[in-house]
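Just so you know, ligand 1 is whichever comes first in the structure, and atom 1 is the first atom listed for that ligand. In this chain, residues are counted from 1 in sequence order. These numbers come from the heavy atoms of this one structure, side chains and all, not from hydrogens, waters or symmetry mates.
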Amino acid sequence: AKPDLVKGEASYTAVCVACHAADGNSTIAANPKLAQQHPEYLVKQLQEFKSGKRANPVMQGMASLLSDDDMRNVSAWLASKPAKPGFAKDKDLVALGERIYRGGIADRNIAACAGCHSPNGAGIPAQYPRLSGQHAEYTVQQLTSFRDGKRGNSLPMSQVAAKMNDREIKAVADYIAGL
Ligand code: HEM
Ligand code: HEM
């Protein structure tokens, strides 16, 4: 059956709105923007929060309240909301961030982000998430978690992040915020 956007909106506004904002474009740097994200990617994350594969106590609690149908409905509703752009803050780092995003770091075998997340950061449905406009603080947190094995649910991302230092992570996250 097709996902039910009305039900999706209802469960979103009952709970999720508190942290991810009414239109899915969270204004709190630690909480990701979810609007216009690929619905399959959102469902995958909710399932992995619920099972504990992606460890986060807050989101585990939230995802535990949702059935498979609830997840499909809320994800379809979020995917239908337009993403709001963000901006890069650090003029000195953003050029490094752009180089990494577009070309990777060849001498350390770090693949270009653009190859999987697309040149404009819109991602590639269904498995490669949209990144553009995301809060840099959230992106830094995720890349650090991939690197440290705390978000161990993605082989490509663990390999990409394993070889990046803090400065490179900060640079690419800042570039993505304005992408
Ligand atoms: C992350 C959905 C409620 C705080 C996420 C992600 C999704 C999501 C899909 C992962 C996004 C990504 O990978 O890009 C939802 C839904 C909710 C809900 C559908 C309601 C049922 C909440 C609430 C809070 C919250 C109420 C705050 C109390 C967070 C935080 C993260 C997150 C901090 C980042 C977790 C991490 O670092 O791994 N949420 N959320 N969410 N959400 Fe929610
Ligand atoms: C997820 C950044 C390169 C495949 C993510 C996320 C971030 C990210 C921040 C989590 C998004 C969120 O939580 O909303 C980057 C950066 C890259 C890069 C900065 C370059 C340095 C790549 C490459 C691939 C890839 C080259 C493919 C070979 C994926 C996949 C996911 C993901 C499949 C989803 C993981 C999951 O389902 O949990 N990426 N990425 N990324 N990325 Fe990348």
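One finds the CG atom of D174 at 12.0 Å from the CD atom of E98 (value rounded to the nearest 0.5 Å). In this structure, Q141 CD and K150 NZ are separated by 8.0 Å, a value rounded to the nearest 0.5 Å. Between the CG atom of D4 and the CD atom of E9 there is a distance of 11.0 Å, given to the nearest 0.5 Å.
In this structure, the side chain of R108 does not engage the main chain of M164 through any donor-acceptor pair within 3.5 Å. In this structure, H117 contributes its side chain and L131 its backbone to no donor-acceptor pair below 3.5 Å.
One of the N, O or S atoms belonging to H20 lies under 2.8 Å away from atom 43 (Fe) of ligand 1. With 2.8 Å as the limit, M59 counts as an N, O or S neighbour of atom 43 (Fe) of ligand 1.
Shown in contact with V15 at under 4.0 Å from a heavy atom are these atoms of ligand 1, numbered in order with element: 26 (C). Taking a cut-off of under 4.0 Å to the non-hydrogen atoms of C16, the atoms of ligand 1 that pass are 3 (C), 16 (C), 17 (C), 18 (C), 19 (C), 20 (C), 21 (C). Atoms of ligand 1 found under 4.0 Å from any heavy atom of C19, numbered from 1 in the order shown, are 4 (C), 23 (C), 24 (C), 25 (C), 26 (C), 27 (C), 28 (C). Shown in contact with V58 at under 4.0 Å from a heavy atom are these atoms of ligand 1, numbered in order with element: 24 (C), 27 (C), 28 (C).
Only the side chain of L46 comes within 4.0 Å of ligand 1, judged by heavy-atom distances. By the criterion of a heavy-atom distance under 4.0 Å, neither the backbone nor the side chain of Y12 is placed next to ligand 1.
Side-chain polar atoms of S67 and D69 form no donor-acceptor pair below 3.5 angstrom.
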Atom pairs and distances, ligand 2 N/O vs protein N/O under 3.5 Å:
from, atom 1, to, atom 2, distance (Å)
ligand 2, 13 (O), Y41, OH, 3.1
ligand 2, 13 (O), Y138, OH, 2.5
ligand 2, 13 (O), R151, NH1, 2.8
ligand 2, 14 (O), Y41, OH, 3.3
ligand 2, 37 (O), K44, NZ, 2.6
ligand 2, 37 (O), Q45, NE2, 3.2
ligand 2, 38 (O), Q45, NE2, 3.1
ligand 2, 38 (O), R151, NH2, 3.0
ligand 2, 39 (N), H117, NE2, 2.9
ligand 2, 40 (N), H117, NE2, 2.9
ligand 2, 41 (N), H117, NE2, 2.8
ligand 2, 42 (N), H117, NE2, 2.8

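Under the side chain to side chain donor-acceptor pair (under 3.5 Å) test applied with K84, the options T27, D23, N25 reduce to a single match, D23.
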Verify side-chain hydrogen bond (donor to acceptor under 3.5 Å, both in side chains) between R130 and S132, making sure each step is shown before the conclusion. CA-CA 6 Å; R130 156 183 286 275; S132 59; 2.9 Å; yes
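In terms of the side-chain contact (heavy atoms from CB on, under 4.5 Å) criterion, residue partners of A79 (sequence neighbours excluded) are, by chain and number, P39.
Y12 and W77 have tilted rings, their planes meeting at an angle from 30° to 60° on a 0 to 90° scale.
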